Amino acid sequence: ITSETAARRCLREVLGAFRGCVTERREVLLEPYLRGWRGLIRFLHSLGAVFSFISRDAEAKVQLMEGYCRGERRERYVSLQAMVQYELASGVVDPHKRSGRADSGCRTVLRLHRALCWLQLFLEGLRTAGEDSRPSAICTDSYNASLAAFHPWVIRKAATVAFCALPPRGAFLEAMNVGSAEDAVAVLGEALPYIRDVYGITQELFAEHRLLDLP
Ligand code: 1Q0
């Protein structure tokens, strides 16, 4: 298949996945959550090699979580709620300890969750900013307002440099491959409420269990 259909498919996947994440009981299902991330990572790939230090990290985290979802304890990793309950009860994570396991599901999802906050701000900015706004500037602002607080100086520096390589608005929206710029903006508007919902539920869950600062 051509890279164009692949890009189109992966954005469809992102949309569908985040939409399919939340159950009637307001649980966040891990499998579609990770599928959404896979789609985002694939899109990031299509933007060029400057972003590979970012996609590599995201990829490693998604892979780790996919391992849990397919592993021996897969029924404990069906939803974020089940995962939190299991990892707390079994001592895999402990909110009162200053050190912790680097491979727990909770601390790994927390990293993705924080990145989802950036994504929300970025997509909202992209959607609402004027035609001559620059994605690189929107991305830098969204990053500084969210994820940057959790990153050391070197990473902030590298990220800021990479953002400069983002294409201008028209080309960026075109890279989304969902039609015209207006179509792309419409797609973003459609996707955002679902992403916001997933973010909100996760934030509440992690706050309730004091997991928002897991090392
Ligand atoms: C479009 C431009 C993409 C810009 C991505 C912004 C995020 C920058 C993050 C830079 C971090 C990179 C390297 C590693 C950091 C880790 O130290 C950190 C913490 O983990 P740990 O294990 O050390 O405690 N990791 C993270 O914070 C996770 C970062 C994940 C970033 C995932 C970004 C995925 C981007 C997707 C592009 C979406 C574009 C929108 C398309 C429209 C979709 C409808």
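Counting starts at 1 for both ligands and their atoms, in listed order. Since the model is a prediction, treat every value here as computed from it, not as a measurement.
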Engineer: Which residue owns the protein heavy atom closest to atom 14 (C) of ligand 1, what's the atom, and how far is it?
Structural biologist: Asp57 CG, 3.6 Å
Engineer: Between Thr108 and ligand 1, which residue portion shows a heavy-atom distance shorter than 4.0 Å: side chain, backbone, both, or neither?
Structural biologist: neither
Engineer: Which ligand 1 atoms does His151 reach within 4.0 Å, using its non-hydrogen atoms?
Structural biologist: 9 (C), 10 (C), 11 (C), 18 (C), 26 (C), 27 (O)
Engineer: Starting from atom 36 (C) of ligand 1, what is the nearest protein heavy atom, named by residue and atom, and what distance separates them?
Structural biologist: Leu40 O, 3.7 Å
Engineer: What atoms of ligand 1 come within less than 4.0 Å of a heavy atom belonging to Leu166?
Structural biologist: 1 (C), 2 (C)
Engineer: Just which atoms of ligand 1 are under 4.0 Å from any heavy atom in Leu123?
Structural biologist: 40 (C), 42 (C)
Engineer: Show which atoms of ligand 1 fall inside a sub-4.0 Å distance from at least one heavy-atom site of Lys61.
Structural biologist: 20 (O), 21 (P), 22 (O)
Engineer: Heavy-atom distances under 4.0 Å decide this one: backbone, side chain, both or neither, for Val187 against ligand 1?
Structural biologist: neither
Engineer: So which heavy atom in the protein is nearest atom 44 (C) of ligand 1, and how far is it from that ligand atom?
Structural biologist: Leu11 CD2, 3.6 Å
Engineer: Would Trp118 count as being in polar contact with ligand 1, using the rule that some N or O on each side must be under 3.5 angstrom apart?
Structural biologist: no
Engineer: Does a donor on one side chain and an acceptor on the other come within less than 3.5 Å for Arg73 and Tyr86?
Structural biologist: yes
Engineer: What's the shortest heavy-atom distance between Leu214 and Leu110, and which atoms?
Structural biologist: N-CD2, 3.7 Å
Engineer: Give me the residue, atom name and distance of the protein heavy atom closest to atom 30 (C) of ligand 1.
Structural biologist: Ala115 CB, 3.9 Å
Engineer: In terms of atom number and element, which parts of ligand 1 are under 4.0 angstrom from non-hydrogen atoms of Ile155?
Structural biologist: 11 (C), 14 (C), 15 (C), 17 (O)
Engineer: Can you find a pair of side-chain heavy atoms, one from Phe206 and one from His113, that are under 4.5 Å apart?
Structural biologist: no
Engineer: Closer than 4.0 angstrom: is that true for some heavy atom of Phe150 and an atom of ligand 1?
Structural biologist: no
Engineer: Could you identify the single nearest non-hydrogen protein atom to atom 3 (C) of ligand 1 and state the distance to 0.1 Å?
Structural biologist: Leu44 CD1, 3.5 Å
Engineer: Which ligand 1 atoms does Phe43 reach within 4.0 Å, using its non-hydrogen atoms?
Structural biologist: 39 (C), 41 (C)
Engineer: Give me the one residue out of Phe51, Trp37, Phe172 that meets ring pair (Phe, Tyr, Trp, His ring centres under 6.0 Å) with Phe43.
Structural biologist: Phe172
Engineer: Strictly distance-based, threshold 3.5 Å: is any side-chain N or O of Gln120 a donor or acceptor partner for the main-chain N or O of Leu192?
Structural biologist: no
Engineer: Closest approach of Pro135 and Phe122, non-hydrogen atoms and distance?
Structural biologist: O-CE1, 3.7 Å
Engineer: Does some side-chain heavy atom of Val28 sit less than 4.5 Å from a side-chain heavy atom of Phe18?
Structural biologist: no
Engineer: Taking the side chain as every heavy atom from C-beta outward, state whether Arg35 and Val62 have any pair of such atoms under 4.5 Å apart.
Structural biologist: no
Engineer: Which label fits Tyr143 and His151: parallel for a plane angle under 30°, tilted from 30 to 60°, or perpendicular past 60°?
Structural biologist: tilted
Engineer: Within a strict 4.5 Å, meaning less than it, do heavy atoms of the Leu64 and Asp103 side chains meet?
Structural biologist: yes
Engineer: Which residue and atom name correspond to the protein heavy atom nearest atom 4 (C) of ligand 1, and how close is it?
Structural biologist: Phe163 CE2, 3.5 Å
Engineer: Which heavy atom of the protein is the closest neighbour of atom 19 (C) of ligand 1, given with residue, atom name and distance?
Structural biologist: Arg111 CG, 3.7 Å
Engineer: List every atom of ligand 1 that sits less than 4.0 Å from any heavy atom of Trp37, numbering the atoms from 1 in the order shown and giving each element.
Structural biologist: 32 (C), 34 (C)
Engineer: Return the closest protein heavy atom for atom 31 (C) of ligand 1 as residue, atom name and distance.
Structural biologist: Ile54 CG2, 3.8 Å
Engineer: Checking Arg114 side chain against Leu212 main chain: does a donor-acceptor pair fall under 3.5 Å?
Structural biologist: yes
Engineer: Please check this pair: side chain of Asp197 against backbone of Tyr194, looking for a donor-acceptor N/O pair closer than 3.5 Å.
Structural biologist: no
